[in-house]
Amino acid sequence: MRAAAEIVPVHPETLARLSQPKQFLEVSLPVRMDDGSLRVFTGYRCAYDDSRGPAKGGIRFHQDVSIPEVKALAFWMAFKCAVVGIPFGGGKGGVIVDPKKLSQGELERLSRAYMRAIAKNVGPATDVPAPDVNTNALIMAWMMDEYNKFTGSIEPGVITGKPVAVGGSLGRDDATARGGFYILRDLEKTLGWDPKAKPIKVAIHGFGNAGQHFAKFVHDVGYKVVAIGDSRGAIANDAGIDIPAAIEHKNKTGALPAGKAISNAELLEMDVDLLVPAAIEDVITTRNAGKIRAKVILELANGPVAADADATLQQKNILVIPDILANAGGVTVSYFEWTQNRAGFAWSLEDVHTRLKEIMVREFRAVHALATQKNTPMRIAAYAHALSRLDAAVRAFGVASVR
Ligand code: GLU
């Protein structure tokens, strides 16, 4: 944020306001387990900033969830919503749990307990949660249901990423990957990439929602996906992986298909054109940044490149499309979902895609132009672009004059 504030005019009061979260909530979640015992989980919800609109951001279920992580993710959401210009602030929530170790019943009771505990602090006009790592449409449906019991009314706009049958938007499921894909297609001209003329090699780290959809999009237009990895390991195939078959296998069995096994560390260091980290934060750090050989990194995950690894990638002339821009397609379609819920409309899939593409391409070009004009990495340009909008909102409420 500080580096971004050096390339665009920002009022000191904006930086002061953004230096701390507006609200942070810690809750305990007693859940009856299948064996009759009681387990008390810990959950958090952070509304970092709401100067541009209600706080917005997902809920993650992961064993490594922590207070600093939730705050950092909520801060990033404020910038993500500002970078694409949608009228939301930033929020995030999480529960410390490995959901793979829960039964379906335990998962439902935990999800409902979490929403009960935060219900007073969220709402369509205050803070709007959504899916994140290890949470999905079904969990959003349970949470909406719990919120509706709390208010005694039907409020689909309280949460996004719901199943389409209960107020979800068409096109939300693949929106994160699609947004990144639209950016990639626009960037192809600048890079001189033409997958039909010369194979473009891609490695994808993370094979959940974002990674799978992105793999399918690039595979369909002729890119060669040469490696995919999930939390258990990775596979590589120089001739290109059969992505539709890999997705089917992963969703049926929970594992990647058989293939040449490599480690995720090896996947990240492969000699590819495009590296797509699509899982969790801090996978590229000072430890391995010097060994990265990709020409372009498109951050579909939040925070996959650690802050202190950026300088090394820059020295190596690796173009990094930063998370707050590259993965903003998800929250953009969440915004469409919330808009439809509040207005009582249901848009067509074509409408969603057209509007998403317009926003992603427009904001990507604006950030790219700013980066070129200021001769700065895209990450700093993206933060500066977002900061200008956050600054305009803070100033709109009145600030002290600065000499
Ligand atoms: N969890 C996603 C993100 O980090 C989506 C957030 C949302 O849709 O509100 O961008």
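Each ligand, and each atom within it, is numbered from 1 in the order the structure gives. This structure is a prediction, so every number in the text was calculated from the model and none was measured.
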**Message:** Tell me whether ligand 1 is touched by M77 - counting only heavy atoms on the residue side and a distance under 4.0 Å.
**Reply:** yes
Among all protein heavy atoms, pick out the one at the shortest distance from [atom]; state its residue, atom name and that distance to 0.1 Å.
atom	result
atom 5 (C) of ligand 1	R172 NH2, 3.5 Å
atom 8 (O) of ligand 1	S334 OG, 2.6 Å
atom 3 (C) of ligand 1	K80 NZ, 3.3 Å
atom 9 (O) of ligand 1	K56 NZ, 2.8 Å
atom 7 (C) of ligand 1	A130 CB, 3.3 Å

Salt bridge flag under 4.0 Å for residues [X] and [Y]:
X	Y	answer
R112	E108	yes
R45	D127	yes
D194	K198	no

**Message:** For a quick check under 3.5 Å, do T160 and K56 share a side-chain donor-acceptor pair by atom type?
**Reply:**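 Result is yes, a qualifying pair exists.
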**Request:** Indicate whether the side chain of D174 and that of Q212 have a donor and an acceptor atom separated by less than 3.5 Å.
**Result:**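 Not at all, the side chains of D174 and Q212 share no donor-acceptor pair under 3.5 Å.
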**Request:** Give the contacting part of K92 toward ligand 1: side chain, backbone, both or neither, where contact means a heavy-atom distance below 4.0 Å.
**Result:**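 For K92, the contact with ligand 1 is made by the side chain alone.
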**Request:** Report the part of N302 (side chain from C-beta onward, or backbone N, CA, C, O) that has a heavy atom under 4.0 Å from ligand 1; answer both or neither where that applies.
**Result:**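 Contact part for N302 vs ligand 1: side chain (C-beta onward).
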**Message:** Aromatic contact between H368 and F364, with the criterion being ring centroids under 6.0 Å apart: yes or no?
**Reply:** yes
**Prompt:** Is the distance between the ring centroids of W76 and Y48 less than 6.0 Å?
**Reply:**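 No, the ring centres sit 6.0 Å or more apart.
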Any atoms of ligand 1 less than 4.0 Å from a non-hydrogen atom of [X]? List them with their elements.
X	result
G57	9 (O)
D132	1 (N), 2 (C), 4 (O)
P131	1 (N), 2 (C), 5 (C)

**Asked** Once you round to the nearest 0.5 Å, how far does CD1 of I7 lie from CD of Q373?
**Response** 8.5 Å
